[in-house]
Protein chains: 2
Amino acid sequence: MTSPRPDEKLLHCPALVATRVIAGKWKTRVLWLLRERPHHFGELKGRLPGVSAKVLAEQLQQLERDGLIQGQAELRGGVSFVLYDYTRYGRTLIPALDALGTWGLEHAAWETGR
Amino acid sequence: MTSPRPDEKLLHCPALVATRVIAGKWKTRVLWLLRERPHHFGELKGRLPGVSAKVLAEQLQQLERDGLIQGQAELRGGVSFVLYDYTRYGRTLIPALDALGTWGLEHAAWETGR
DNA sequence: CCGCATCCCTAGCGATACTG
DNA sequence: CAGTATCGCTAGGGATGCGG
């Protein structure tokens, strides 16, 4: 349920497009971190305890394929760094991400208050 | 990845709370339909081509457990109908859903225009 | 009409190890 | 540092059928 498939003659549900793109155990978190500033692969891995290099690479590739982020390789003394950041298009998703975050905060309040 | 687990000492990411709750192949669509008006189980099943009764029931239960929707049983001549609708709390999620939907629309425009 | 019990099967995720 | 290759596992989802 990552990238849009050719099938699905289903229900017209615009929200589904967005959920498909951000579905994936780490994508929301990656997007959240990148909102702050660009990150290197290693930085992301460091700030996401529990993720394996393989899976993180997969998720980043998918986000890149979907046009939300892009990685810029920079060689520092023969050692490769890749800096990931939002694309212009990817940034258009941020308001929606904020809406989800806002609700998450309300949720926390509701959880403790019931 | 449906209901919050006791583990996950991870990153503070409020948006993740929301994504966990709406994660599931049919939840977004169900929530989208309920936005319009309350629906019976059978109605939902009818408007969601491809879903099986079992899976739909599961997804509805999870949404109910998470406090977003609630089902009201009404017996019509010995035949049981269950009417599903948002809870007051569930409605607080609608703005976030709208944000996702809005982006989905922009996405469609972007897709055709590149 | 609705929910539940069974069985199965695939996609996503994770651990490890190895190249540029 | 970044990415790839293998292998394995488990949870989510799907098909079918019974019972309330």
Side-chain angles (χ1 to χ4, degrees), chain A residues 1-8 10-11 16 19-30 34 38-66 69-85, chain B residues 1-11 16 19-30 38-66 69-85:
Chain A
M1 202 162 97
T2 54
S3 296
R5 299 253 201 86
D7 57 286
E8 315 229 8
L10 288 167
L11 171 75
L16 201 54
T19 59
R20 258 207 296 261
V21 162
I22 62 175
K25 187 165 178 180
W26 305 96
K27 290 189 191 172
T28 310
R29 292 185 263 236
V30 167
L34 290 187
H39 282 69
H40 295 288
F41 183 94
E43 270 183 310
L44 289 173
K45 182 151 168 37
R47 298 188 67 179
L48 295 172
V51 74
S52 72
K54 177 204 145 192
V55 172
L56 181 54
E58 280 175 358
Q59 308 265 310
L60 290 171
Q61 280 170 24
Q62 289 171 12
L63 289 172
E64 203 164 5
R65 271 200 284 275
D66 289 330
I69 68 174
Q70 82 192 35
Q72 181 65 41
E74 58 178 291
L75 290 174
R76 283 187 196 170
V79 185
S80 62
F81 271 70
V82 181
L83 191 62
Y84 287 95
D85 194 8
Chain B
M1 202 160 99
T2 52
S3 295
R5 299 250 201 86
D7 57 285
E8 316 230 8
K9 305 290 178 194
L10 288 167
L11 172 74
L16 202 52
T19 59
R20 260 208 295 260
V21 162
I22 63 174
K25 187 163 179 182
W26 305 96
K27 290 190 192 171
T28 309
R29 293 185 263 237
V30 167
H39 283 68
H40 296 287
F41 183 93
E43 271 182 311
L44 289 174
K45 181 150 171 39
R47 297 188 66 179
L48 295 172
V51 74
S52 73
K54 178 208 145 191
V55 172
L56 180 54
E58 279 174 358
Q59 307 264 312
L60 290 171
Q61 279 169 24
Q62 289 171 13
L63 289 172
E64 202 164 6
R65 269 200 286 274
D66 289 331
I69 68 173
Q70 81 192 37
Q72 181 64 42
E74 56 179 291
L75 291 173
R76 282 188 196 170
V79 184
S80 62
F81 271 71
V82 182
L83 190 61
Y84 288 96
D85 194 8

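Lettering of chains follows the sequences in order, A, B, ..., and the numbering in each one begins at 1.
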Pairs under 3.5 angstrom only: tabulate donor-acceptor contacts from the side chains of residues 76-83 of chain A to other protein residues two or more places apart or in another chain.
none

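- When the C1' atom of dG3(D) is taken as reference, atom NZ of Lys45(A) falls 13 Å away, rounded to whole Å.
- Among the atoms of the strands shown, only primed sugar atoms or phosphate atoms (P, OP1, OP2) are found under 4.0 Å from some heavy atom of Gln59(B).
- Under 3.5 Å, the side chain of Ser80(B) and the base of dC2(C) form no donor-acceptor pair of N or O atoms.
- Within the 4.0 Å cut-off from OP1 or OP2 of dG14(C), at least one side-chain nitrogen or oxygen of Lys25(A) is found.
- Here dG14(C) presents its P atom at 11 Å from CG of Leu48(A), a figure rounded to the nearest Å.
- End-to-end axis angle of the helix from dC1(C)-dG20(D) to dG20(C)-dC1(D), from C1' rotation axes over five pairs per end: 50° (rounded to 10 degrees).
- In this structure Glu64(A) satisfies the side-chain hydrogen bond (donor to acceptor under 3.5 Å, both in side chains) test with no other residue, sequence neighbours excluded.
- Distance Leu75(A) CG to dA2(D) C1': 11 Å, rounded to the nearest Å.
- In Glu74(A), the CD atom is crowded: over 12 heavy atoms of neighbouring residues, nucleotides or ligands sit closer than 6.0 Å.
- For the pair Lys27(A) NZ and dA11(C) C1', the computed distance is 13 Å after rounding to whole Å.
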Between Arg29(A) and Leu16(B), is the side chain to side chain contact (heavy atoms under 4.5 Å, CB included) condition met? List the steps. CA-CA 7 Å; Arg29(A) 292 185 263 236; Leu16(B) 202 52; 3.0 Å; yes
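- In this structure, CD in Gln70(B) is found 11.0 Å from OH in Tyr84(B), a value given to the nearest 0.5 Å.
- One atom, CD1 of Ile69(A), and another, P of dA2(D), lie 13 Å apart when rounded to the nearest Å.
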How would nucleotides 3-9 of chain C be written as a contact map, 5' to 3', with B for base contact, S for sugar-phosphate-only contact and - for no contact, using protein heavy atoms under 4.0 Å? SSBB---
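- Across dC1(D), dG13(D), dA15(C), the shortest atom-to-atom separation from the side chain of Ser52(A) is found for dA15(C).
- Among all heavy-atom pairs drawn from Val21(A) and Leu63(A), the shortest one is O-CD2, 4.0 Å.
- Here the side chain of Phe81(A) is nearest to one of dG14(D), dA2(D), dC1(C), namely dA2(D).
- When all heavy atoms of Glu43(A) and His39(A) are compared, the closest pair comes out as OE1-CA, 3.2 Å.
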Which pairs would a plain distance check flag for residues 50-61 of chain B, meaning a side-chain donor or acceptor within less than 3.5 Å of a matching protein atom at least two apart in sequence or in another chain?
{"from": "Ser52(B)", "atom 1": "OG", "to": "Val55(B)", "atom 2": "N", "distance (Å)": "3.3"}
{"from": "Gln59(B)", "atom 1": "OE1", "to": "Trp26(B)", "atom 2": "N", "distance (Å)": "3.3"}
{"from": "Gln59(B)", "atom 1": "OE1", "to": "Lys27(B)", "atom 2": "N", "distance (Å)": "3.4"}

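- Between the CG atom of Leu56(B) and the P atom of dC2(C) there is a distance of 10 Å, given to the nearest Å.
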